[in-house]
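The model shown is predicted, which means the values in this text are computed figures rather than measured ones. Quick note on labels: first sequence line is chain A, next is B, and so on, each numbered from 1.
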Amino acid sequence: MTQSRWLTWLSPLLLVVLWEVAVQLNLLNRVFIPPPSEVVVALVKAVRDGSMQHDVVVSSQRIVLGFVIGAVPGTLLGIWSGLNRTVLALVRPLATMLYPVPKIALLPLVIVVLGIGEVSKVATVAVSVFLMVVIHTIGGVLQIDQRYFEAARVFGANQRTIFRTVALPASLPAIVEGWKLAMGFALTLIVGVEFVGANDGIGYRIWQSYELYAIADMMAAVCVIAGLGWVVTVVLDEVARLLVPWRYTTVKESRMSVVRTWWGAVRPWSYTAAIVPVLLGAAIAAQQVGLNWWLLILALIGSIAIQGGTNLMNDYYDYRKGTDTPAVKGTGGALLRGELTPTQIFWAGISAFAIGAAIGLYLVSVTGPFIFWLGLCSVAVGYFYTAGPFALAYVGLGEIAVFIFMGPVMVLGSYFLQIPTVAWPAVWVSLPVAFVVAAILHANNLRDIDTDRINNKRTLATIFGRDGARIEYYLLVGGTFVSQWVLVALGVAPWPTLVTLVMLPLAWKLMGIAGREVDPAALQPVLRQTAVLHMRFGLLYVLGWVIALWM
Amino acid sequence: MDSGVVVDFAHLGVTYANGVVALSDLSLTIAADQAVCVVGPSGCGKTTLLRVLAGLERATQGGVQLSRPATLAMVFQQGLLFPWLSVAENISYGLMTRGATPPQCRAAAREWSERMGLQRFIDAYPHQLSGGMQQRVGLARALAVNPDVLLLDEPFAALDAQTRVLMQELLVDLRRQGLCRSLLLVTHAIDEALLVGDRVVVLSARPGRIIADVTPQVAHSQSFDEIRAQPAFMQAFTTIWQLIRHEVEAQLREEVIL
């Protein structure tokens, strides 16, 4: 990241800090200008009681509906006008004449005609989107270089083919640009429309906060609409990349968009070890109480962020040590292919930890100190896993640490968020997941048994020897299934969780390979497939609990 | 019409709507498997000649006749590839419009990209290629339809000098392989016309009339450097240059007076 990139982050941050300080020092009157911290509190409150989500959904629906109703015919009419002189002569003067009219000025008229309900709000958005899209589309079609039409004709294209292969793609960049502008406009417009005669929506929320003099609530809503605008921009940029790919490829190679590069590099969907225990804890709790989705989603994001941060930091240090190759998946590979820079990875890791920590602290503030101690222990174990004089992973305690902390502890934590009691059943129920997550680590140690011996790295595998290590793998994978059957037999886990039986063949195959092979290359698939087993077994196990909810 | 004749321009005249006379009373025939190059001062109506044949411009007198339903294809100045289509889609464009299935198009694109040394760029977009590479795609797009007559409108004028020579050699080489039959190339470069053409037609300044029809007695079997060194090449070059020079000077005088 260059210095100027830093500065672009610094100035808004500085503004927020100055603002906060100025209010805290009473330089600004907090009645009129509440500090950012109060805005955040107001935002969290509105999100927790669900009213903010409701307003966002309502406003989004109006925007999206109005946009579609306006943009689809607008695009079609625009293309038609661009290609046909008669239609152009009819349409363009009207569009040009109506275009400068501020659309919000039409709202009273629209209300008179269509009433004050949803229809008038959507219609106002649709009309302005329509006009904007028509004008941009006409412009896009008219600016096409006529020589492309000639080339197409020389090569035997008929009217339909010319439309499909020249007129449409050549005008698409301008059309998409028009969509973007119209969408931005729709966002502005909906707020104004909701100021007047609405009972919900972001604009209504802003206006109502103003009337109640709840400035912090008002600012929270403004932040949300700004965020919505940002999301819309990102989405439309992605749409543009999809529809107009030839505009976005650099000379060197087809370049993935920033979002896709990060998504592909960070691979959040592969973090099943972070996802499965959280889902399981929530699923168990849901058997007794209604689910608090908000806390579950926060816990998931936090858990993924922590694992993401760990992975990013590992990749960063591996890169520094030079152990990865470009073929490696994930950020390590992206680093070496030059798609991402080490500094980006480092700060992404720090940001992920920061997100995880922020969510963690919030969860502590909501549910009490138990989560705090649980989290502190986890962080300590995470740190001492490979660091310090008594690194757990190097004295043969790795499997046990992983078994406890990526099994019962995480499940219990997620359960505790839903029902703030320490429930032993949650611990028992987590055992199958604990076995299979430990099996992943052990598959790694089994593969590396010889090199670990040379490097004096003590794992259970090097302590037990190859035969013992094989038996340990059988026990861990077997334990996954057997422990679950015991739970079902005892009535602790519901019988639909037995859907996990479909994973038995894979487990059997893996045990076969682990018991046969010595070569690390042949054992590599065992490691990868054990991770797959963990993911599929875990998700099916959770599915079983979810099915049980309806029985 | 003579059975060996593919294209027959008869007393062709083109007057634009603004009154400019681009061509007047021009008669020219192109025989099967003949490479005809048209040179002339700029603005003499060379390109108009091609555009009439391609059906992009209408004759105001006389006209052009094809001996049979002939397939035409054109290589444009600066390539004029479709920027939104990949190299493969550009190459197979003429096949696609004629109803070829996607697998057929893909196969043709692969064949032609290999022939043109483009196989690494088959999925690239035109703007990712250099000018020379783009014009190879333009050539492949035209030849992929297996045209009876290939029209080339100043195809290499926008390229740098070295690339231009390589492209001219490529074109001659494709003709030797029999991949390109009759050819009508419009250019302002006399050496290009002599290197590529079996026949060189010299046009006067506007309105374009034929002032010379030269069949250079150069041996095309040799390399370009050897052809250039032949006395026949030098002589033909000088003759044509004197004719064009006269026209250009006349044009300049006229402009000064105006």
Here the gap from A/Tyr148 atom OH to B/Phe76 atom CZ, rounded to the nearest 0.5 Å, amounts to 11.5 Å
CZ of A/Phe155 to CG of B/Leu95, rounded to nearest 0.5 Å, is 10.0 Å
Whatever's closer than 4.5 Å to a heavy atom in chain A on B/Arg51 counts as side chain
Mind checking whether B/Met74 and A/Glu150 have side chains closer than 4.5 Å, heavy atoms only? no
Residues, nucleotides or ligands: over 12 heavy atoms within 6.0 Å of A/Gln159 CD: no
Cut-off 4.5 Å, heavy atoms of chain A, and the answer for B/Ala124 is neither
Residues pairing under salt bridge (charged side-chain N to carboxylate O under 4.0 Å, His left out) where one sits in residues 161-173 of chain A, two or more places apart or in two chains, turn out to be none
The interface call for A/Val166 against chain B, heavy-atom contacts under 4.5 Å, is both
Applying ring-ring contact (aromatic ring centres under 6.0 Å, His included) to B/Tyr93 and not counting sequence neighbours gives B/Phe82
In this structure, CE of B/Met96 is separated from OG1 of A/Thr161 (nearest 0.5 Å) by 6.0 Å
From the list B/Pro83, B/Pro147, B/Pro126, B/Ala142, the residue making the most non-hydrogen contacts under 4.5 Å with chain A is B/Pro83
Contact list (residues 65-98 of chain A to chain B, heavy-atom gap under 4.5 Å, by number) returns none
Salt bridge (charged side-chain N to carboxylate O under 4.0 Å, His left out) pairs touching residues 161-175 of chain B, sequence neighbours excluded, are B/Arg175-B/Asp198
* Asked: Is there a donor-acceptor pair under 3.5 Å between the side chain of B/Trp84 and the backbone N or O of A/Pro245?
  -> no
Taken to the nearest 0.5 Å, the spacing of A/Ile162 CD1 from B/Thr97 OG1 works out to 9.5 Å
When the 4.5 angstrom heavy-atom criterion is applied to A/Arg147 and chain B, the contacting part is both
